Structure formats: C-alpha cells, structure tokens
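Note that the structure is predicted; figures quoted are calculated from it, not measured. Naming: A, B, ... by sequence-line order, numbering from 1 per chain.
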Amino acid sequence: IPESEESCPVCGDRVSGYHYGLLTCESCKGFFKRSVQNNKHYTCTEQQSCPMNRTQRKRCPYCRFQKCLAVGMKTEAVRADRMRGGRNRFGPLYRRDRQIKLQRADYQTNVAPYRIKMETTIWHQSPLTPHDHYPAEGLTSLPLPYSEQLPLTGHPQEKCHMSFDYHTASTSHAMHRTVSETYTTRSTQASSSNANIVDCDPDHASPLGPFSSFLTPNFLDALIESEQDESQLCAKVLSSLQREQANRGKHDCLNTFSIMCKMADQTLFGLVEWARNSALFKELKVEDQMVLLQNCWSELLVLDHLYRQVTYGKEGLLFLTQAQIEVSTIISQAGVTLSGLVSRTQDLVAKLKALYFDRKEFVCLKYLVLFNPDVKAVLNRRQVEQTQERVNRALMEHTRQTHAGHADKFGQLLLRLPEVRSISLQVEEYLYQQMLHTKHN
DNA sequence: TACTCAGGGCCAATG
DNA sequence: CATTGGCCCTGAGTA
Ligand SMILES: [Zn+2]
Ligand SMILES: [Zn+2]
C-alpha cells in the first residue's frame, strides 16, 4: 500500500515497482533499459539541468538519463544476455528497502503523531505560567560556571567529557525574558489565535494578523526576538536528564547512547513547543499545525543539532548540550547506522561553519522547513506557501546585507536543505530501531 | 509446487 | 524513421 503513494524519483510519475535498484515509474524503467541496452549517449542542448516531470521528461534524454543515474538506478541490473524472468542479486536490497519503508510509515503514522498529540494535550490542559514553562530557570541565577558531573557507564575507557558548563550556552537571557513571557503566557487555543494575539499585543493589533504590521526589514528581527533563548532549552534538556538519572539507582546509569536518545527526545519536545509558541505558526489551523509538525519534526531535530555543532562544537568533538564526546569514539563504537549518521552530519557542520552560519539564518531555515507547502495533507496551502516565501525573502535579504562579501550565501544555505532532509530520514529510521530495541528488553 | 514480481519484449501511438 | 510507454511474457527465488 505505501508504495502506491510513492512517486518516481526521476519524473514524479506513478511508481510501478522496483526497477534497476529502486522504485520508479514504468516509463523510466523502459527508458533506462533502452538507454543501457543500446549504449546510448545523449547530449543536452541546454544547461544540463532540464526540468524532469511527467510532461517534460521526453524533452531531454540526456538530463533524464543523468537523473536516473543520480537517483541510483543501476546499469548492472540491465542484463547483457537479455535473459527474461527470474531474479537478480538485487532481490535482498528490495526486501530491505520495503522493510525500512514500512517501518518508516509505521513510525510516521503511529508514533510521531502520538507524540505530538500527547504534547499538545499537555499543552492544552495546563496553560503554562512562565515558571512552569522554564523548570530550570533557577539555574540562571547560579554562580557561573555551573558544573556538574553526570555519572556515566558503558565503555569505561571511553573519554567522555561530561562536564556541564553554562558559560558557553548562556547568552543575554534577561533581555529576551519579557518577550518570551508574553508569548508563552498567551492562551494557547491556536484556532482562535487572532483574538488572543490582538489582545496580548495591542501595539501590533491589526485585522490582518499579528505580523502584518511589521515592516519587512523588521520581520526577521521580530522572528528572532520571539525565539526562546538557547540556554533555556539546554537547561530544560539537562534538567530532565538529571531527573531521569535521579530516578535510577547509582549503579544503574545510562550509557552514552541512551543519553543521546533521551536528549533527542527532549529536544523534540522543545521543538514542538517552539513551533507552537511561534506567532506565525499560531496563525495556522490546528490541523495544519499537526501535519506540518508530523512532516518535519526530524528535520528540525537535525537542524537544531547542526546549529549547536556549528556554534559550540569543537573540531572532532560532538557537542551534546553541555557534554562533549569525541566523534572518533562514536565512529568506532557505535553501529554502522549511527556512525554513518554522525559522519554525514559532521560533514554538513563543516560546510556550514565555512559559510559562517549564524543564528538568524538558523531560525529562517527552521521556518522554511516547518512551513513546507508540499506536505500533502495541508488544508490552507496558500497560507503556508506565503509564510515560507516571506521567510525566504527575509533570509535572502539578511544574507545579502550582512554577508555582502560572501557571494551567494543564500543559495549555499538552501542547497544544504536536501542533505538535512536526507539525514533526518535516516535519523527517523535510527530512532525507530532504537525504539524497537528498547521495547524488546 | 504455486506464487511473486522484476527482468525482458512487443507494438500502437507519437513526432 | 526513432522513440515512447503501457502491457504482457518469463522464470529464479520464496513460502
Ligand atoms: Zn519516471
Ligand atoms: Zn537537458
């Protein structure tokens, strides 16, 4: 059933089954076969980047064949002897792929919505006071640097620097407090957001919505101001880990990898909260809020991780909130999935560092990923589209103004999003495996 | 052994 | 004429 939903990665047409390595449509199957069998060499009359879709795929065989190869169609699967029927060596690959897709579908439709539902229920049941919202707030008044040692088990030789230092993550917390509070203490009935926002924000009251009175140059600033301070999120994640550890005995400690999973879990919680607190997001219908979050939660998770690595991470170290782990340790001790994930991520971190990826851009990318008009079940597509375009313009403007020396930083940033998406799918897969694994114990 | 499903081939339609 | 793509035939691997 799920593969009837899939569309051909080459041209977007309906998929007819696995062909030469992956799910493709019938026409691309035939095209690829003929091209390989007859050893075709096409040429492109344009810039070798012709659009590929159902109606235009015939226009440029060169670009079509390049795309076939790019998405992973395998020339080895075309038989030189033209033997018909039977099976080839890709059989097991197809089986694995099917399994993974099933798992992913199961996770997407059962687990992720459940989580989000749970979180929204909590949200609606208890209108949050600022104090509840930041359970770790007291930590900000502690003398800095505040350090603590989390007992770790697992691999005794493993050099795992688990010292917690608020100095690095803490910035001008007090400055943003007031802004954050006005947002978080609002009634959270998102469906009637307009009235609430006008109520709480008389300065910006407008019949067209809370942001319509912001002039475009201030749009991004307004977005940034409403962002929760980084240290608050870190503190929340950490305090929850400490609670978890406190509930366990001294001799029943979490190992590093469980800690990473728990961190991801808590961060996800925080990201859902982030979205639900954002004024742009509140303008959407609750139904659309749900489907958008269900679509991008893992991408947000990856983006969040990337930003933390770029800003706080040191070379060769994986920075987890306040803990640092040597990347080489993970690569050598984790399974193939996780180590692959970590190395792909670190590659991306290096690229972003080279671009001097900043906080404003990070926030913009989060919004671009969240307001994805391509999500199938979205009701008000126009609204999502407009918001995405708006953020997109803001990002373009920002990169043009503040990074004038760096040609096309805007384009470079957008080009990283497909890789983020790809990593996020792998993350979902990994988390799903972990879930099954822990369930069986 | 019956069934599956990804290979190959066929051929009307298209230009 | 060459190319396309929907449909059908085949047969090794699988339950
Ligand atoms: Zn196709
Ligand atoms: Zn082309």
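Defined by atom type and a distance below 3.5 Å, a donor-acceptor pair is present between the side-chain atoms of A:R344 and A:S422. Residues A:R416 and A:Q412 bring a donor and an acceptor atom of their side chains to less than 3.5 Å of each other.
Summary of the strand contacts: A:K58 and A:Y20 both lie near DNA chain B, and taking for each the nucleotide with the nearest heavy atom, the more 5' one is attributed to A:Y20.
Side-chain atoms of A:K29 and base atoms of B:dG8 include a donor and an acceptor less than 3.5 Å apart. For A:R34 and C:dG5, a side-chain-to-base donor-acceptor distance below 3.5 Å is present, hydrogens and geometry of angles not being considered.
Dashed line: the shortest gap from a side-chain N or O of A:R64 to OP1 or OP2 of C:dG5 is under 4.0 Å. At least one side-chain nitrogen or oxygen of A:N88 sits closer than 4.0 Å to the OP1 or OP2 atom of B:dG7. Contact between the side-chain N/O atoms of A:R57 and the OP1/OP2 oxygens of C:dT4 is not found at any separation under 4.0 Å. Here A:R87 does not reach the OP1 or OP2 of B:dT4: none of its side-chain N or O atoms lies under 4.0 Å away. A close approach under 4.0 Å does occur between a side-chain nitrogen or oxygen of A:Y94 and OP1 or OP2 of B:dG7. Remark: A:R95 is not in phosphate contact with B:dT4, judged by side-chain N or O atoms under 4.0 Å from OP1 or OP2. Contact annotation: A:K33 side-chain N/O to C:dG5 OP1/OP2 distance is not under 4.0 Å.
Atom-to-atom, CZ of A:R89 to P of B:dA6 comes out at 16 Å; the value is rounded to the nearest Å. The distance between atom CZ of A:R96 and atom P of B:dA6, rounded to the nearest whole Å, is 15 Å. Atom CG of A:D97 is separated from atom P of B:dA6 by 11 Å (rounded to the nearest Å). Straight-line distance from the CZ atom of A:R79 to the P atom of B:dC5: 16 Å, rounded to whole Å. In this structure, CZ of A:R98 is placed 13 Å from P of C:dT14, rounded to the nearest angstrom. The CZ atom of A:F32 sits 20 Å away from the C1' atom of C:dG6 (whole-angstrom rounding). To the nearest angstrom, P of B:dC5 lies 16 Å from CG of A:L93. Here C:dT4 presents its P atom at 17 Å from NE2 of A:H19, a figure rounded to the nearest Å.
Cation-pi geometry between A:R390 and A:F219 is met: the NZ or CZ atom falls under 6.0 Å from the ring centre, inside 45° of the normal.
Side-chain atoms of A:K409 come within 3.5 Å of backbone N or O of A:Y356 as a donor-acceptor pair.
Under the 4.0 Å criterion applied to side-chain N and carboxylate O atoms, A:D97 and A:K101 are assigned as salt-bridge partners.
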